[in-house]
Amino acid sequence: MGRYAHLERALGAEVFAEVTQARVLVVGAGGIGCELLKDLVLTGFRDIEVIDLDTIDTSNLNRQFLFRSKHVGKPKSLVAREAAMGFNPDVNIKAFLGNIKADEFGIQYFQTFDIVLNALDNVNARQHVNRLCLAANLPLIDSGTTGYLGQTTVIKKGETQCYDCQPKTENKKSFPICTIRSTPDKPVHCIVWAKELFKLMFGNPDESMLSGSEDDFADDGAQDGGDEAAEAGKGEGDAASGEDQQKEREIRSQIVDAVLKAKPEGADADDADKVRAYARGVFDAVFDNEIHFKLKLRNGYKGAKKKPTPLPFDEAMAATDASDPSSSGLRDQRVLSLNECAELFLASVAKLWAPARRKDMGSMEFDKDDREALDFVAAASNLRSHIFGIERKSIFETKGIAGNIIHAIATTNAIVAGIQIVEAIKILARLKGKKISHPYFTSAPRPESSNSSSSSSSSSNPDASASPTSVTSDSTAVWVVRDPIGSGNLLQATNLDKPNPNCYSCGNSTMTLSVDATSWTLGDLVDKILRKSVGINAPSIMLKSSEIYAEGDGLEEDEIELFKANLPKTLVDCPAGGIKDGTILDIEDFSQSLSFKLIISQKDDFDKDANPDQFELSGDAPVSKAAESSPDEAQSNARGDDADDGDLEVVEGPTSATAAVASKKRPAENAAVPLDESPSGSDSASNGSKKPKVSEDVTTGDNGVICLD
Ligand SMILES: Nc1ncnc2c1ncn2[C@@H]1O[C@H](COP(=O)(O)OP(=O)(O)OP(=O)(O)O)[C@@H](O)[C@H]1O
Ligand SMILES: [Zn+2]
């Protein structure tokens, strides 16, 4: 124990003993997860399990210090385990390569732990862990970072807000199509355009807004002022705009010809000169001819802050501008010269046409980690930026913008992981009713007024700090901020919020049902639980966004038949993946204006005498929300439902993983602290809402913008 003597002194022998005995689950072995494992082992924790679904990528090595280049391609969890055990071979770490959402990690699995530490990068997995921790009544410590900003929070059923208590508002940014096509004035506009060109050249051209289908013209027409303009009728402007549109169409079809019809086919594709000629043809079409012709139109580039200048290929190749001398020598960190951009454009097209990649031609999707795709987008966007007089960006910066990421910083990850450990120790001490000697651990959260933002609607949790039974009495949410606040602190603690009573995950309307899902049928569930125990009249049951059962008015004959056919099925054999341990059902009764979540916990060892019905139901029965506003709205937000209004949006900057914990009490200086997550991750919007056709990066329509195209 010698190596831990200092910890024993700080924590006291009793609490330290709890640390050595606690069973800890770490979810994620990426940037934060690696730090957590190292910290846990060095703090004396000995019984740890870690789960991660991914393998190690070269790009992880700069901050995930348990990994070395020889580990690239190996499972993160297993390698992290090996490395962490190197710090103390006596610890017991179990590692799983798998998805935390897999059936094997259900409520029963969670219940074997004392505490759960999240080190995840997406909303969906966080929501899942949150719900399982609620169902298993386990304390969860969540964390996240975005660049220099970070945050940790503690979640405990009934005591604090859970991850779903605050609806997540995605930080979506939309760009009008005409900005992307004709009037860019920021690097991001050119990068979005370059991704559309990538789609046109290598992906599904129909999905590229540069393909210029007739539909697009119709849409654009609507933007031009829509019905009113159409009705205003026959003015000269309209005639001009009609003429312009005709020419515009011609220009666009020339581009499409250069990109699609001139594609090197068959043997030509193996001929380097032919591929280069193709790349050159595209260059001429989009960087020279289009600009040249559109400038001649009456309304050409109307609304552009700065008129573009065509860029003939030879001019680009002969350019002698230096690449940014102030930046480092690394190619990705430098702003490339014009000549380098042109060369990179040709070279990346050639590499994307290499035989190994050709099978994906026509279906490629831009991926920021795909070297050639990134080079292409960096080259094309910078060439366009030059044409429109917009500042150019390094490949590294382009990667961030194109992939909607904020680069992770190792130090921030290390800080939040350290805080998670401190918070974990506080909770463990409370759980076991032990006192920690060191004052750091027992100082109560600071008063909200001293550090909260202007929002006053957020309620602190005086109950939690006051109640001796609460395990989160000493717990705080902690913010890592970029600029020192007050006395020079970069860390700021705030009280934990009380649970939101209307939360669909932890609010009153959550019940847990323990049954044997392999023998109970859906009919049993409807009859014994929903009707007899909960008192539902006309239940509708949703499983992962699919309705598996419903009754009541307004159903078609064939629907009724379909639902009835599900009743004799055992729970595990129900549609949409079945109902099993950890499944969360959304139950609704429209006739009573009532809805709640039913969490299933697998159990088959009931005492048949004491419990002849062989089920246990816990939680408060739902109450009718007829008079209240329904939580559905919040729910759909939090799930990232897209409003189906045909708008196309780009998620800019960090999303809300964090809004999660980042409720209203964040320090004012720190306007948006999101958790570590690639906002482009589609995980957060996975409920099958219809994806817009053109592009996820671009939106149609922007009031008041007159669009030529
Ligand atoms: N559902 C899930 N089950 C298990 N592990 C998950 C799940 N979702 C995400 N993870 C893991 O969480 C970790 C998050 O770590 P981190 O944010 O550092 O991501 P990364 O993929 O390593 O880095 P980057 O996204 O910046 O390239 C990743 O290793 C990822 O595999
Ligand atoms: Zn909640």
Side-chain angles (χ1 to χ4, degrees), residues 25-37 49-67 75-77 79-80 95-102 104-105 117-134 140 143-147 150 153 155-168 367-369 399-400 403-410 412-413 416-417 496-510 597 631 634-635 638 654 657 660-661 663 674-681 683-684 686:
L25 173 62
V26 176
V27 191
I32 295 174
C34 281
E35 293 293 328
L36 276 178
L37 283 175
E49 300 204 3
V50 56
I51 301 171
D52 197 296
L53 51 67
D54 207 2
T55 52
I56 296 161
D57 187 84
T58 318
S59 66
N60 299 146
L61 302 179
N62 69 343
R63 64 188 186 284
Q64 299 176 20
F65 298 122
L66 301 183
F67 309 145
K76 287 182 173 178
S77 55
V79 175
F96 299 93
L97 168 64
N99 191 325
I100 190 63
K101 290 161 69 184
E104 61 197 290
F105 307 119
L117 305 181
N118 260 356
L120 285 163
D121 62 352
N122 63 86
V123 173
N124 193 276
R126 278 195 175 92
Q127 286 186 316
H128 182 85
V129 174
N130 174 55
R131 288 174 197 166
L132 283 179
C133 286
L134 291 170
L140 165 65
S143 69
T145 64
T146 301
T153 196
I155 295 171
K156 178 69 184 31
K157 187 180 176 184
E159 296 185 20
T160 71
Q161 284 208 342
C162 84
Y163 187 77
D164 290 326
C165 276
Q166 295 272 346
K168 322 246 170 325
D367 173 357
K368 66 175 172 30
D369 296 317
K399 179 176 180 176
N404 293 313
I405 51 166
I406 292 180
H407 296 284
I409 293 180
T412 321
N413 285 344
V416 296
L496 297 166
D497 280 317
K498 269 192 201 164
N500 168 5
N502 291 323
C503 172
Y504 55 85
S505 290
C506 74
N508 294 333
S509 45
T510 302
K597 300 253 163 204
Q635 183 166 338
V661 264
S663 63
L675 293 184
D676 188 7
E677 139 150 322
S678 167
S680 53
D683 244 7
S684 57
S686 59

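Remember, it's 1-based here, ligands and their atoms both numbered in the order they're listed.
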Counting heavy atoms only, which of [options] is nearest [atom]?
atom	options	result
atom 4 (C) of ligand 1	Gly98, Gly144, Ala102, Ala125	Gly98
atom 17 (O) of ligand 1	Asn62, Asp121, Val50	Asp121
atom 28 (C) of ligand 1	Asp52, Asn124, Asp54	Asp52

*Rounded to 10 degrees, what angle sits at the Zn ion (ligand 2) between Cys165 SG and Cys162 SG?*
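The angle at the Zn ion (ligand 2) comes to 120°, rounded to the nearest 10°.
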*Gln161 side chain to Asn500 side chain, donor-acceptor N/O pair below 3.5 angstrom*: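 Judged by distance alone, the side chains do not pair up.
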_As a quick check of understanding, evaluate side-chain contact (heavy atoms from CB on, under 4.5 Å) for Thr153 and Tyr163, giving each step before the final call._
CA-CA 9 Å; Thr153 196; Tyr163 187 77; over 6 Å; no
Ligand 1 N/O within reach of [X] N/O, cut-off under 3.5 Å:
X	result
Lys368	no
Val27	no
Ile100	yes

Going by the atom numbers of ligand 1, which of them fall below 4.0 Å from some non-hydrogen atom of [X]?
X	answer
Asn99	1 (N), 2 (C), 3 (N)
Gly31	15 (O), 16 (P), 18 (O)
Lys76	20 (P), 21 (O), 22 (O), 28 (C), 29 (O)
Arg63	23 (O), 24 (P), 26 (O), 27 (O)
Ala119	12 (O), 13 (C), 14 (C)
Gln64	18 (O), 20 (P), 22 (O), 23 (O)
Asn122	8 (N), 9 (C)

Are [X] and [Y] close enough that some pair of their side-chain heavy atoms sits under 4.5 Å apart?
X	Y	value
Ile405	Lys368	yes
Leu53	Lys101	no
Leu66	Glu35	no
Leu134	Thr510	no
Leu496	Ile155	no

*Quick one: closest heavy-atom pair of Ile32 and Gly144, and the distance?*
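In terms of heavy atoms, the two residues are closest at CD1-CA, 3.9 Å.
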*Write down the atom of Cys165, the atom of Cys506, and the distance for their closest heavy-atom approach.*
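For Cys165 versus Cys506, the nearest heavy atoms are SG-SG, 3.3 Å.
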*Using heavy atoms and a threshold below 4.0 Å, how should the contact between Asn60 and ligand 1 be classified: side chain, backbone, both, or neither?*
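Within the 4.0 Å criterion, Asn60 contacts ligand 1 through side-chain atoms alone.
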*Go through Cys133 and Val129 one step at a time and tell me if the side-chain contact (heavy atoms from CB on, under 4.5 Å) criterion holds.*
CA-CA 6 Å; Cys133 286; Val129 174; 4.0 Å; yes
